[in-house]
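Here's the structure we're looking at; comments come further down.
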Amino acid sequence: MPQSLPNCSYRVSYAQSAPAKLPDSTLACVRFGRGLPPADDPRVIDVDLEPLGASPPVELWDSVLPVTHGEQEGFSYAENGEVLFGCLRLPEAELAHMDHAAFRAYVRMDRLMQKLGYPCWLRVWIYMADITQGEGDAERYRQFSLGRHRALSLKPGFEQNLPAATAIGSHDSGLVIYFIAAKSPGMQVENPRTVSAFRYPREYGPRSPSFSRATLKHWANTTHLYVSGTASIVGHESRHLGDPARQLQEVRDNIRALAQTALGAEGQGHDLADCRPLGLNLYLRERRMIDSLRPLLPQLFGADTPILCLEGDICRKDLLLEVEGIYALPGDAA
Ligand code: 3EB
């Protein structure tokens, strides 16, 4: 059989439900929803955020190379020689000191990556219950950021090598962290319209959130831009308080600025509209916002863009929504 060179060792797709039995080629199967029946495959990652509307709530990461999967260091993981997918779940009982829990989680993540030979972080997803519970510096999210910073700042130059991230409040209890890592580094991309999160002023917490706005990664024959959870922030301030439609527009402008920065670094004179979205997630603080926002989605993010809408808390109380996703830069053959 003629073999064509794959553009990339994995594919992302969406489904209405998870396959009854995952094929050997699955790296990860992320199921969004509440009250899901338990799965017995460690590659299934359950995130208890309610999907809104008809969006297919299952994200499948499928490999074109042989996959090894298992459990180590408390993580479930799957790898294919190019990319490592890892997942850690912490029950509420282990989160009494969120700063310490975050520190330990990041140290363990790093240990797993080193051990399996994927030392380079690309992207991390963090879902925790009650993300904005607690006042001032005692807020869970701020305590999480404190511990994450303590772990990541152990490495010299860490602010030039931060993973893209999403941090969203989930519903039931506990913490789920999953991540992708590679054998060689991606490139951190920051947004000229917003202050880098790792340089936020003190008012947002005792230590700033250690994540990049996006990571750009060259694969065999394509380049992927992993866009962090992007909110209606300009400079370091939340914009358009109380107005979800204008927040969504500001988010699009931020994602466009990120894409332009990434494309500029690649020496490409393209725009966001030339990039191919593999999929976006839209997180809404209040589910009722979906009705007014849905008509805006095609015009802001493209008519054919798969968008999964989820009800979830944003980690700043004045923000109503956030968008994250993956884009393939122009020039791949797919
Ligand atoms: C922001 O830009 C909004 O702490 O990992 C977005 C994505 C946000 C990731 C994180 C936080 C994080 O500050 C919040």
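First listed ligand is number 1; within each ligand, the first listed atom is number 1. Hydrogens, waters and symmetry mates are skipped; everything else that's a heavy atom, side chains included, is used. Values in this document were obtained by computation on a predicted structure and should not be read as measured data.
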Among non-hydrogen protein atoms, atom 6 (C) of ligand 1 lies closest to Gly229 O, 3.3 Å
In this structure, atom 5 (O) of ligand 1 is nearest to the protein heavy atom Arg148 NH1, 2.7 Å
When distances are taken from atom 12 (C) of ligand 1, the protein heavy atom at minimum range is Phe211 CE2, 3.3 Å
Arg150 and Asp99 have their tightest heavy-atom pair at NH2-OD2, 3.6 Å
Rounded to the nearest 0.5 Å, the CZ atom of Arg239 sits from the CD1 atom of Ile233 at a distance of 10.5 Å
Rounding to 0.5 Å, atoms NZ (Lys183) and CG (Leu116) come to a distance of 8.5 Å
Open item on the list: If the threshold is 4.0 Å, N to carboxylate O, is there a salt bridge linking Asp318 and Arg316?
Closed with: no
Under 4.0 Å between heavy atoms, the region of Glu324 that gets near ligand 1 turns out to be neither
Give yes or no for whether the N/O distance cutoff of 3.5 Å, strictly under, is met between Tyr200 and ligand 1.
yes
Closest to atom 2 (O) of ligand 1 among protein heavy atoms sits Arg213 NH1, 2.8 Å
Counting heavy atoms under 4.0 Å, the part of Arg142 that contacts ligand 1 is neither
Counting from 1 in the order shown, the ligand 1 atoms closer than 4.0 Å to a non-hydrogen atom of Ala167 are 4 (O), 5 (O), 9 (C), 10 (C), 12 (C)
Within the 4.0 Å heavy-atom cut-off, what Ala165 brings close to ligand 1 is both
inquiry  = Under 4.5 Å between side-chain heavy atoms, counting indirect links through other Ile/Leu/Val/Met/Phe/Trp/Tyr residues: same cluster for Phe198 and Met187 or not?
reply    = no
re atom 4 (O) of ligand 1, the protein heavy-atom contact at minimum distance is Tyr141 OH, 2.5 Å
Just checking, is any N or O donor in the side chain of Tyr118 or Glu82 under 3.5 Å from an acceptor N or O on the other one?
no
Q) Under 3.5 Å, side chain of Arg285 to main-chain N/O of Leu319, donor-acceptor pair present? A) yes
Checking heavy atoms under 4.0 Å, the part of His236 that sits near ligand 1 is neither
Nearest heavy-atom contact between Ser196 and Glu190 is OG-OE1, 2.8 Å
query = Quick one: does Thr166 get an N or O within less than 3.5 Å of an N or O on ligand 1?
reply = no
Within the 4.0 Å heavy-atom cut-off, what Ile233 brings close to ligand 1 is side chain
Looking only at protein heavy atoms, what sits closest to atom 14 (C) of ligand 1 is Cys315 SG, 3.2 Å
hydrophobic_cluster_shared for Val47 and Ile314, side chain cutoff 4.5 Å | yes
* Asked: Quick one: is the NZ or CZ of Arg123 closer than 6.0 Å to the six-membered ring centre of Trp121, and within 45° of its axis?
  -> no
Atoms of ligand 1 under 4.0 Å from any heavy atom of Pro209, numbered from 1 in the order shown, are 4 (O)
Under 4.0 Å between heavy atoms, the region of Phe144 that gets near ligand 1 turns out to be neither
